[in-house]
Student: 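Before anything else, here's the structure in question.
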Amino acid sequence: MRSQIPAFRLPEEVLNEEVNYILDLGIHTQFMHYVDSLKGVLEQDYDAVFVGTGAPRGRDLPKLPGRQEADANIHIGIEWLASVAFEHTKKIGKKVIVLGGGNTAMDCCRTSRRLGGESVKVVVRMKASPWEKEDAQHEDIDIFDNHVPLSFEVENGKLIGMKFQKVDAVYDDKGKRRLIPTGEPDVFIEADEVLIAIGL
């Protein structure tokens, strides 16, 4: 939580206060302890074991055309947020695309704005939830629903943006969703940098 949720959304003093509520209950804690076997934990005679590791790794799009050529300007969202939290990353390009519509994507787009992104656009394969979009929209961040990424566009070895296909979400009688191309022309969105914040 300290490294991957931005302080503007979860201030450090609030996190410290809430963690201390738990620590002040008198529970036994073991920090900086590597667990290499869940079986070993279960053998320690606990009444219950809860594994809450979060999602420390993000998903990439390695097969999308242009991914390797534009690697220097494409980042995995959750890793990028950690890099910002540890102050390894202090700026971003003026034109930013964030792929994804969940919490990580919203954190990425709002952090991009704070690091100098002037044109920040979130592109989602389906509709992002209203409650996830609200804060981003208050910061004038555009959100494009129902756009499927087709390629990273590279010119003279440099990322210039991405190409997307417009789709509609269609549900069958069992509620299974399919994304059907609308037949409209592909959409090109300019970008200096892309943050990939899509689910696993």
Student: Could you tell me which non-hydrogen atom of I92 sits nearest to which non-hydrogen atom of G117, and how far apart they are?
Tutor: CG2-N, 3.8 Å
Student: Do I198 and L61 have side chains that get closer than 4.5 Å, going by heavy atoms?
Tutor: yes
Student: The test is side-chain contact (heavy atoms from CB on, under 4.5 Å); show your working for V41 and V35 and say whether it passes.
Tutor: CA-CA 8 Å; V41 173; V35 176; 3.7 Å; yes
Student: Once rounded to the nearest 0.5 Å, what's the spacing between atom OG1 of T104 and atom CG of L99?
Tutor: 13.0 Å
Student: Apart from I160 itself, what residues make up its hydrophobic cluster, given side-chain heavy atom links below 4.5 Å?
Tutor: F188
Student: How would you list, by chain and number, every residue that makes a side chain to side chain contact (heavy atoms under 4.5 Å, CB included) with I22, sequence neighbours excluded?
Tutor: I27
Student: Looking at side-chain heavy atoms only, is the closest gap between D142 and V122 below 4.5 Å?
Tutor: no
Student: Are V96 and D192 close enough that some pair of their side-chain heavy atoms sits under 4.5 Å apart?
Tutor: no
Student: Nearest 0.5 Å please: distance from the CD1 atom of I141 over to the OG atom of S112.
Tutor: 7.5 Å
Student: Applying salt bridge (charged side-chain N to carboxylate O under 4.0 Å, His left out) to E139 and R113, what does each step give before you reach the verdict?
Tutor: CA-CA 8 Å; E139 296 186 29; R113 178 70 85 207; 5.1 Å; no
Student: Check side chain to side chain donor-acceptor pair (under 3.5 Å) between E190 and all other residues, then give those that pass, not counting sequence neighbours.
Tutor: K95
Student: So, do V148 and F164 sit near enough that their side-chain heavy atoms are less than 4.5 Å apart?
Tutor: no
Student: Is it the case that the side chains of K121 and S119 hold a donor-acceptor pair, with the cut-off being a distance below 3.5 Å and no angle test?
Tutor: yes
Student: Report the residues that fulfil side chain to side chain donor-acceptor pair (under 3.5 Å) with D60, sequence neighbours left out, ordered by chain and then residue number.
Tutor: R67
Student: Compare every heavy atom of E193 with every heavy atom of G93, then report the nearest pair and how far apart it is.
Tutor: N-OE2, 2.9 Å
Student: Which value, rounded to the nearest 0.5 Å, describes the distance between I76 atom CD1 and S83 atom OG?
Tutor: 13.0 Å
Student: Tell me the salt bridge (Lys or Arg N to Asp or Glu O under 4.0 Å) pairs involving residues 30-53, sequence neighbours left out?
Tutor: none
Student: Out of curiosity, I97 CD1 to C108 SG, how far, rounded to the nearest 0.5 Å?
Tutor: 13.5 Å
Student: Could you grab the distance from atom OG of S151 to atom CG of L64, nearest 0.5 Å is fine?
Tutor: 6.5 Å
Student: With sequence neighbours excluded, give me every salt bridge (Lys or Arg N to Asp or Glu O under 4.0 Å) pair touching residues 96-108.
Tutor: R9-D107
Student: Looking at every heavy atom in both I196 and R59, which two are closest together, and how far apart are they?
Tutor: CG2-O, 3.2 Å
Student: Other hydrophobic cluster members with V154, side-chain heavy atoms of Ile/Leu/Val/Met/Phe/Trp/Tyr under 4.5 Å, chained?
Tutor: none
Student: Do you know which two heavy atoms are closest between I143 and A136, and how far apart they sit?
Tutor: CD1-CB, 4.5 Å
Student: Mind checking what makes salt bridge (Lys or Arg N to Asp or Glu O under 4.0 Å) contact with E18, not counting sequence neighbours?
Tutor: none
Student: Transitive ILVMFWY cluster of Y34 at side-chain heavy atoms under 4.5 Å: who else is in it?
Tutor: none
Student: Would the number of heavy atoms belonging to other residues, nucleotides or ligands and lying under 6.0 Å from CZ of R125 be above 12?
Tutor: no
Student: Nearest 0.5 Å, please: how far is OG1 in T89 from CG in L115?
Tutor: 8.0 Å
Student: Please find the pair of heavy atoms, one from G100 and one from V124, that lie closest to each other, and give the distance.
Tutor: O-CG2, 3.6 Å
Student: For the residue pair K94 and G116, what are the closest heavy atoms and their distance?
Tutor: CD-O, 3.9 Å
Student: For H147, enumerate each residue passing the side chain to side chain donor-acceptor pair (under 3.5 Å) test, keeping only those at least two apart in sequence or located in another chain.
Tutor: none
Student: Are M162 and V123 packed together at the side-chain level, in the sense that at least one heavy-atom pair is separated by less than 4.5 angstrom?
Tutor: no
Student: For residues Y171 and V167: do they belong to one hydrophobic cluster (side chain heavy atoms under 4.5 Å, members Ile, Leu, Val, Met, Phe, Trp, Tyr)?
Tutor: no
Student: Using the rule that two of Ile, Leu, Val, Met, Phe, Trp, Tyr join whenever any of their side-chain heavy atoms come within less than 4.5 Å, decide whether V194 and L150 are in one cluster.
Tutor: no
Student: What residues form a side chain to side chain donor-acceptor pair (under 3.5 Å) with Y21, not counting sequence neighbours?
Tutor: E17
Student: Enumerate the residue pairs fulfilling salt bridge (Lys or Arg N to Asp or Glu O under 4.0 Å) with a member in residues 146-174, sequence neighbours excluded, ordered by first and then second residue.
Tutor: K166-E184
Student: Could you state whether V51 and Y46 fall into the same hydrophobic cluster, counting links through intermediate Ile, Leu, Val, Met, Phe, Trp or Tyr residues with side-chain heavy atoms under 4.5 angstrom apart?
Tutor: yes
Student: More than 12 heavy atoms of other residues, nucleotides or ligands under 6.0 Å from CD of E87: yes or no?
Tutor: no
